[in-house]
Protein chains: 2
Amino acid sequence: MPVPNGRSPVMADVARLAGVSHQTVSRVLNGHPNVRTETQARVQAAIEELGYRRNSSARALVTRRTGVIGVVSFDTTHYGPAQTLAGIGRAARASGYFLSVVTLQTVTRKAVREAMDYLAQQSVEGYIVIAPKRAVVEGLADQSVDRPIVAVEGGEAPDLPMVCVDQVGGAYLATRHLLDLGHRTVHHIAGPRDWLEAEGRVEGWRQALADAGAPVPEPLCGDWKPRSGYDLGGRLARDPDVTAIFVANDQMALGTLRSLGESGVRVPEDVSVVGFDDIPEAEFFTPPLTTVSQDFSEVGQRSIRLLVELLEAADGDGSAAPAQHVIPARLVTRKSTAMYRRA
Amino acid sequence: MPVPNGRSPVMADVARLAGVSHQTVSRVLNGHPNVRTETQARVQAAIEELGYRRNSSARALVTRRTGVIGVVSFDTTHYGPAQTLAGIGRAARASGYFLSVVTLQTVTRKAVREAMDYLAQQSVEGYIVIAPKRAVVEGLADQSVDRPIVAVEGGEAPDLPMVCVDQVGGAYLATRHLLDLGHRTVHHIAGPRDWLEAEGRVEGWRQALADAGAPVPEPLCGDWKPRSGYDLGGRLARDPDVTAIFVANDQMALGTLRSLGESGVRVPEDVSVVGFDDIPEAEFFTPPLTTVSQDFSEVGQRSIRLLVELLEAADGDGSAAPAQHVIPARLVTRKSTAMYRRA
DNA sequence: GTTTCTTATGTTAGCGCTAACAATGTAGCC
DNA sequence: GGCTACATTGTTAGCGCTAACATAAGAAAC
């Protein structure tokens, strides 16, 4: 500690060492134009000599800006949210913002509200909420929060700024792919009913069937976990009419592949299977899984960009209609799908 | 906004409404003992009426405590870090701390240092660094940071507070299990050389072989990803002497299962395979994978507990020797391992 | 009754910074 | 020279809070 007392240096210490006023130090730090180059250099040198670092609390107190973005994520063994969070983190840092993260165990309106309250204590400037359930998104719109919120993965949320992957389009792609292979129709193992992603995938699947004039079987609902894909897959395995299955995520698809295998149903010879997410493991399933890939990193970046825009706009004029970014999904064709062959 | 001006209310507004001084409001907020119950109630009512929330920057400025813990994690498709982060998050919130997270794309000494610098700008009180590589842990010990650091997953780092899963023990368990099944020796597909987890798993494997007097084959090094398990597994598949493989993580084990399958090697009839991590998918691999389970949630909780202890101790006496928590791993037996049968 | 002690509250100062204004110097122009 | 314009620096106030001290009022002790 190069400051006499032993305390860490403050602006005044730097000023004294550089032979200027503390305000000039502040000016250098904030890149104000009217500082002589030589003075700037002297201040910089003093800063380095003392190892000075500006006190963020004092700064935040007077500027009324903390530079912190609150993120509400949820505890998960799902692949997507973790990737999204990483994308958000990268983008936030690139924009000079800090990230304060709360991870929920349960995705309920109440839990989200509590998490946001908690983050408010820390004076976050805005929120990014990974909101995969309808109830949560609706709760967000209600909520009288005076700071900007961006919903991620929130499906359609008309009156909220939002970034999501085009679930409907992705599911359409997957289903269309199976129909193009000659399958008369496509069965669907869906996610839980109250999840927006699940809903979107059901819708895209249904639409593709409708557009093709194919019959629409009753979708089966799982819980995203491999086991439910296993259980429901077992049910479909017993039905000889089933030749193509679109499973709402890769983990369940894995379970489905297993139960089909155990029932002596060959994939893709007897039944074709498509998943959703393109987790890193999918390429090495037995057989390698055809699935729909989502660019989570892009989702993260867009959501930060959107929130930052809202934050800067808040200083200026009244904002326009809430922007909604929908990022396209992409079909990745592997070995779990094949032409329909009459039994 | 119930405050005349339109600005958000401050302590003085609450004080005025409650007919007390701002200091009394502060006392109520901080739970000071000497406030009359009736006064307390009046203040509480005023707080609620105004929707007052204490300004964290002002508070931090004067108390010199931000209540923020900095976490350095890394961008990953790995299962472990995501889970650990969730555990850390839960524990932090339970202890009343906030979490500021930086996610790295590359795990280098430099990147970690930059991340910590970045977090320092935000005046974090301490750090939790998920440090899976030797170089990073060593960099941590060097670093002249004046705030407490807890390393997570850092393997042995003698002079640093640390929490990790017992990699050596876990690998020992896995290898021992295979030896107990009658296999003459166990081959190993390891993780990248500079990763501590990989090192620990190699060591445990080697030890178990040594203890059993079994020959120690040269380990093959992968990169944690399924593809490398696939490639290296293919190599082992061609060697008829190989009857048991311990793979350093489940993702590579998945690749190994695939390449064994493609080479016509049956698992577990011809070759037994054990993984490490117990990812949710492992149970549904073909065949269901015997693996080693780590309690990441416990890791997260312990690391927060440890850091909080260090933070509180910093106010008090000089700390004792840095605590090191090693959490045991657990073998999960499924269908990928079987008794050795002479060919 | 006076003195002490305790409890409940108010007053003041200051954390470290930035914004606003003031002050100085320096040049350009008539 | 005198005046304006601008670049550069310094001075002051105050962001909203807590800590420390000051005060007032009642209870307890003699």
Inset, instruction - Answer with yes or no whether the side chains of A/Asn30 and A/Arg59 bring together a donor and an acceptor at under 3.5 Å. - result: yes
Inset, instruction - Check the side chains of A/Gln122 and A/Ser100 for a donor-acceptor pair under 3.5 angstrom, ignoring hydrogens and angles. - result: yes
Taking the side chain from [X] and the backbone from [Y], do they hold a donor-acceptor pair closer than 3.5 Å?
X: A/Arg53; Y: B/Ala120; value: no
X: A/Thr24; Y: A/Val20; value: no
X: A/Thr66; Y: A/Ser123; value: yes
X: A/Arg42; Y: A/Ala18; value: yes
X: A/Ser95; Y: A/Tyr97; value: no

Inset, instruction - Given side chain to side chain contact (heavy atoms under 4.5 Å, CB included), test A/Ile327 with A/Cys164 step by step and report yes or no. - result: CA-CA 6 Å; A/Ile327 293 157; A/Cys164 72; over 6 Å; no
Legend entry - Contacts of A/Tyr127 that satisfy ring-ring contact (aromatic ring centres under 6.0 Å, His included) - sequence neighbours left out: none
Under 3.5 Å, N/O pairs linking protein and nucleotides 21-27 of chain D:
none

Inset, instruction - Compare the minimum distances between each of D/dT18, D/dT11, C/dT9 and the side chain of B/Gln23, then state the nucleotide with the smallest one. - result: D/dT18
Inset, instruction - For B/Ser21, report the nucleic acid contact type (base, sugar-phosphate, nothing); a contact means any heavy atom under 4.0 Å. - result: base
Legend entry - Salt-bridge contact B/Arg134-B/Asp194 (side-chain N to carboxylate O under 4.0 Å): no
Legend entry - Salt bridge present between B/Glu125 and B/Arg65 (N-O < 4.0 angstrom): yes
When you compare the protein's N or O atoms with those of nucleotides 14-16 of chain C, which come within less than 3.5 Å of each other, and at what distance?
unit_1 : atom_1 : unit_2  : atom_2 : d
C/dC15 : O3'    : B/Arg64 : NH2    : 2.8
C/dG16 : OP1    : B/Arg64 : NH1    : 3.4
C/dG16 : OP1    : B/Arg64 : NH2    : 2.8

Legend entry - Side chain proximity check, B/Leu307 to B/Ile69, heavy atoms < 4.5 angstrom: yes
Legend entry - Whichever of A/His22 and B/His22 has its nearest DNA chain C nucleotide further upstream toward 5': B/His22
Under-4.0 Å side-chain N/O to phosphate OP1/OP2 contact, [X] with [N]:
X: A/Asn34; N: D/dT9; result: no
X: A/Thr39; N: D/dT9; result: yes
X: A/Thr24; N: D/dG10; result: yes

Legend entry - First encountered from the 5' end of DNA chain D, between B/Ser26 and A/Arg36: A/Arg36
Inset, instruction - Rounded to the nearest angstrom, tell me the gap between atom CG in A/Leu29 and atom P in C/dT18. - result: 7 Å
Legend entry - Angle between terminal axes - the helix from C/dG1-D/dC30 to C/dC30-D/dG1, 5 pairs each end, rounded to 10°: 50°
Inset, instruction - Could you check which residues of residues 117-125 of chain A get a heavy atom under 4.0 Å from DNA chain D? Sort them by number, please. - result: none
Inset, instruction - Under the salt bridge (charged side-chain N to carboxylate O under 4.0 Å, His left out) rule, collect the residues that match up with B/Arg27, sequence neighbours excluded. - result: none
